[in-house]
Q: 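Pasting a structure below so you can have a look.
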Amino acid sequence: MKSVSEQIDLLLRGAAQVISNEDLKKKLSKNIPLRIKLGVDPTAPDLHLGHTVALAKLRQFQDLGHTAVLIIGDFTSMIGDPTGRSTTRPPLSREAILANAKTYQDQAFKVLSHDRLEVVFNGEWFGKMSFAEVIRLSSRVSISQMMQRRDFKERLQAGTDIRHHETVYPIMQGWDSVMVRADVELGGTDQLFNILVGRDLQKDEGQEQQVAMLLPILEGLDGTQKMSKSLGNYIGVTETPSDIFGKAMSISDDLMWRWYILLFGKSEQEISQLKNGHPMEAKKSLAQALVERFHDSEKARQARTDFEQKFSKRDVSSADLPALTAAASITALDLVMSTGKIASRGEARRLIQQGGVELAGQKLADPQASLTPKTGDVLKIGKKLFYRIA
RNA sequence: GGGUAGGUACCGAAGUGGCCAAACGGGGCAGACUGUAAAUCUGCUGGCUUUACGCCUUCGAUGGUUCGAAUCCAUCCCUGCCCA
């Protein structure tokens, strides 16, 4: 096992806040594997890079010899974490939760190691609790304490309703920490309150208190807003190698360094070393590393080669492109529409008129022009869509 | 339950009888420039077509008034705020 200071150096990279550094150091000094808790809500079926920030941190702990305790919130997700929400969220059905949990694990293992891992469902203990126990547990947290949470306070002020069960959520999350005897709990910065409740409850139970390690929110492709599905600025972990690679290449340089730190735990020295080279090289390496993480190294190399051919060398002659069957004689408009990727004929018309469509290297200008596409010709629509005529 | 302000395109927000497919901003898409980056500039951004100031659908819902309605009237649904 690495020395405490080496571990600290690695673990603190990218962390937004740790409560407290001293506690963490003390725990590490015991030189026995720590139990690192990460609770996840199986509410959304697909993970994106934003979700993997905490997973990557958890993996770091695993690599240092600590035990990852992944809590699947099958029970808590029936409530829905109110964190960051301005409205009560609709509960999920049992079946949906279990199906999501399965998908979640499959995807999480692209980042996590199977070694030194425990996966538990919190229904194991919450499902058995009696109402009396629930009341006893609830009595440990005061309402005014609960109302200190920013999202509750704001909702209260804004006059939107807060349902009673939502205030129970932090208590349940805290109780999870007690049940798994967590040494460290990971979470986004918005999880501060919930994780601190865990510390309180552990203290009440006579346990050593967990360290709260908060990780920053990952910015999405646009570089400003948080990565989220609804904003469409995300990279999903199940996306194809070329999509992951291409999307990663489209981010700004500033964002690239953030991703290096948050997703790959790079140190300041490593970053400044990368900054000495060409930024595009650094970005390609990042993109390649991402593909490797979610697929494999062979596919990552392939994605990079394809990308370089398609874009850097602008040579698509040998690249692997989706095939498109076209009639011997067809108008430019119909050819573009036959890809099925363009929403309306009006949009296709606009693309052509604005010079966004090329066939065999020739820009098309007239939507009505009659074309005779040959087998092997490449159709390029906009920046990202490529087809080879079959 | 009472009062009050509202519901407009992906989002925000103008428009209060014809010049409204609906200003403006954001977002998105495309082009130029680049490192297919960012920033910047330009264009586009409901659908269809024979691309025309043509047709169709749209301004919470349904009916109505009118030659003509996002705009006026009626009923209904939903949301915020204040009071109880």
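For the numbers below, each heavy atom of this structure counts, side chains included, while hydrogens, waters and symmetry mates do not.
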Q: Keeping A:Gln62 on the side-chain end and A:Ser113 on the backbone end, is there a donor-acceptor pair under 3.5 Å?
A: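 Indeed, once roles are kept as given, a pair shorter than 3.5 Å links the two residues.
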Q: Without decimals, in angstroms, what is the distance between A:Gln353 CD and B:rC29 C1'?
A: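 Rounding to the nearest Å, CD of A:Gln353 and C1' of B:rC29 are 14 Å apart.
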Q: When the C1' atoms of B:rU75 and B:rA30 are compared, how many Å lie between them, rounded to an integer?
A: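 It works out to 47 Å between them.
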Q: Would you mind reading off the distance between A:Asp334 atom CG and B:rU49 atom P, rounded to a whole angstrom?
A: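 The distance from CG of A:Asp334 to P of B:rU49 comes to 9 Å, rounded to the nearest Å.
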Q: How is A:Lys383 classified with respect to the nucleic acid when contacts are heavy atoms under 4.0 Å: base, sugar-phosphate, or nothing?
A: sugar-phosphate
Q: Looking at B:rG28, I'd like to know if its phosphate oxygens (OP1 or OP2) sit under 4.0 Å from a side-chain N or O belonging to A:Lys384.
A: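 No, because none of the side-chain N or O atoms of A:Lys384 sits under 4.0 Å from OP1 or OP2 of B:rG28.
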Q: With a 4.0 Å cut-off on heavy atoms, is A:Ile251 in touch with a base, just the backbone sugar-phosphate, or nothing at all?
A: sugar-phosphate
Q: Tell me which of A:Ser252 and A:Ile381 sits closer to the 5' end of RNA chain B, going by the nucleotide each one is nearest to.
A: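 Its nearest nucleotide being more 5', the pick is A:Ile381.
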Q: In whole angstroms, how far is the P atom of B:rC33 from the CZ atom of A:Phe311?
A: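 To the nearest whole Å, that distance equals 17 Å.
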Q: In whole Å, measure the gap between the P atoms of B:rA5 and B:rC55 for me.
A: 39 Å
Q: Can you check the A:Leu274 CG to B:rG35 C1' distance for me, whole Å?
A: 16 Å
Q: Figure out the CG/P separation between A:Asp366 and B:rU50, and round it to whole Å.
A: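 About 11 Å, once rounded to whole Å.
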Q: Pick base, sugar-phosphate or nothing for A:Lys284, based on heavy-atom distances below 4.0 Å to the nucleic acid.
A: nothing
Q: Kindly point out which of B:rG35, B:rU50, B:rU49 is positioned nearest to the side chain of A:Arg345?
A: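 Closest of the options to the side chain of A:Arg345: B:rU49.
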Q: Please tabulate, for side-chain N and O atoms in residues 235-256 of chain A, each donor-acceptor pair with protein atoms closer than 3.5 Å (sequence neighbours left out).
A:
unit_1, atom_1, unit_2, atom_2, d
A:Glu239, OE1, A:Lys247, NZ, 2.9
A:Glu239, OE2, A:Gly236, N, 2.5
A:Glu239, OE2, A:Lys247, NZ, 3.1
A:Thr240, OG1, A:Asp243, N, 3.2
A:Thr240, OG1, A:Asp243, OD2, 3.2
A:Lys247, NZ, A:Tyr234, O, 3.2
A:Ser250, OG, A:Lys247, O, 2.8
A:Ser252, OG, A:Leu255, N, 3.3
A:Asp253, OD1, A:Lys283, NZ, 2.9

Q: With C1' as the reference atom in both, quote the distance from B:rA13 to B:rA23 in angstrom, rounded to an integer.
A: 10 Å
Q: In whole Å, I'd like the distance from the CG atom of A:Leu255 to the P atom of B:rG35.
A: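 A:Leu255 atom CG is separated from B:rG35 atom P by 21 Å.
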Q: Find which nucleotide of RNA chain B each of A:Asp222 and A:Ser250 is nearest to by heavy atoms, and output the residue with the more 5' nucleotide.
A: A:Asp222
Q: Using the C1' atom in both, what is the distance from B:rC78 to B:rC19, to the nearest Å?
A: 34 Å
Q: Using a 4.0 Å heavy-atom cut-off, does A:Glu308 contact any base of the nucleic acid, only the sugar-phosphate backbone, or nothing at all?
A: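 The answer is nothing, as A:Glu308 stays clear of every strand by at least 4.0 Å.
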Q: If the threshold is 4.0 Å, N to carboxylate O, is there a salt bridge linking A:Glu268 and A:Arg13?
A: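 So A:Glu268 does not pair with A:Arg13 through a salt bridge.
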Q: The side chain of A:Gln354 lies closest to which of these nucleotides: B:rG35, B:rG43, B:rU51?
A: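 The nucleotide sitting nearest to the side chain is B:rG43.
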Q: Measure from CD on A:Glu358 to P on B:rG31 and round the result to the nearest Å.
A: 8 Å
Q: Could you measure between the two C1' atoms, the one in B:rC44 and the one in B:rG35, and give it in whole Å?
A: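 Comparing C1' positions in B:rC44 and B:rG35 gives a spacing of 27 Å.
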Q: Using a cut-off of strictly less than 4.0 Å, decide whether A:Arg349 has a side-chain nitrogen or oxygen near OP1 or OP2 of B:rC44.
A: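 Result: no.
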Q: Between B:rC44, B:rC48, B:rG35, spot the one nearest the side chain of A:Ser344, thanks.
A: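 Of B:rC44, B:rC48, B:rG35, B:rC48 is nearest to the side chain of A:Ser344.
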Q: In whole Å, measure the gap between the C1' atoms of B:rC56 and B:rG3 for me.
A: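 My reading of the C1' atoms in B:rC56 and B:rG3 gives 43 Å.
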Q: On the six-membered ring of A:Phe264, is A:Arg293 placed so that its NZ or CZ lies under 6.0 angstrom from the centre and within 45° of the ring axis?
A: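 Geometry flag: set, cation within 6.0 Å and 45°.
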Q: Just name whichever nucleotide pairs with B:rC24, Watson-Crick or G-U, keeping both distances under 3.5 Å, else none.
A: B:rG12
Q: Give a yes or no on whether A:Lys203 atom NZ has more than 12 heavy-atom contacts from other residues, nucleotides or ligands under 6.0 Å away.
A: no
Q: Give none if B:rA5 has no partner; otherwise give the nucleotide forming a Watson-Crick or G-U wobble pair with it, both distances under 3.5 Å.
A: B:rU79
Q: When you compare B:rG64 with B:rU71, how far apart are their P atoms, in angstrom units rounded to a whole number?
A: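 That atom pair is separated by 15 Å.
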Q: Specify the separation, in whole Å, of atom CD1 of A:Ile352 and atom P of B:rC44.
A: 17 Å
Q: For A:Arg350 and B:rG47, is the shortest distance between a side-chain N/O and OP1 or OP2 below 4.0 Å?
A: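 Yes, such a contact exists.
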Q: For B:rU71, give the paired nucleotide (Watson-Crick: N1-N3 plus N6-O4 or O6-N4; G-U: N1-O2 and O6-N3; both under 3.5 Å), or none.
A: none
Q: Regarding A:Glu118 and A:Lys37, does a basic nitrogen lie under 4.0 Å from an acidic carboxylate oxygen?
A: no
Q: Report the nucleotide, chosen from B:rC29, B:rG35, B:rG31, that has the shortest atom-to-atom distance to any side-chain atom of A:Leu351.
A: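 Nearest listed nucleotide: B:rC29.
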Q: Below 6.0 angstrom between ring centroids: does that apply to A:Tyr104 and A:Phe109?
A: no
Q: Expressed in whole Å, how much space separates the P atoms belonging to B:rG15 and B:rG27?
A: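 These two P atoms come out 24 Å apart once rounded.
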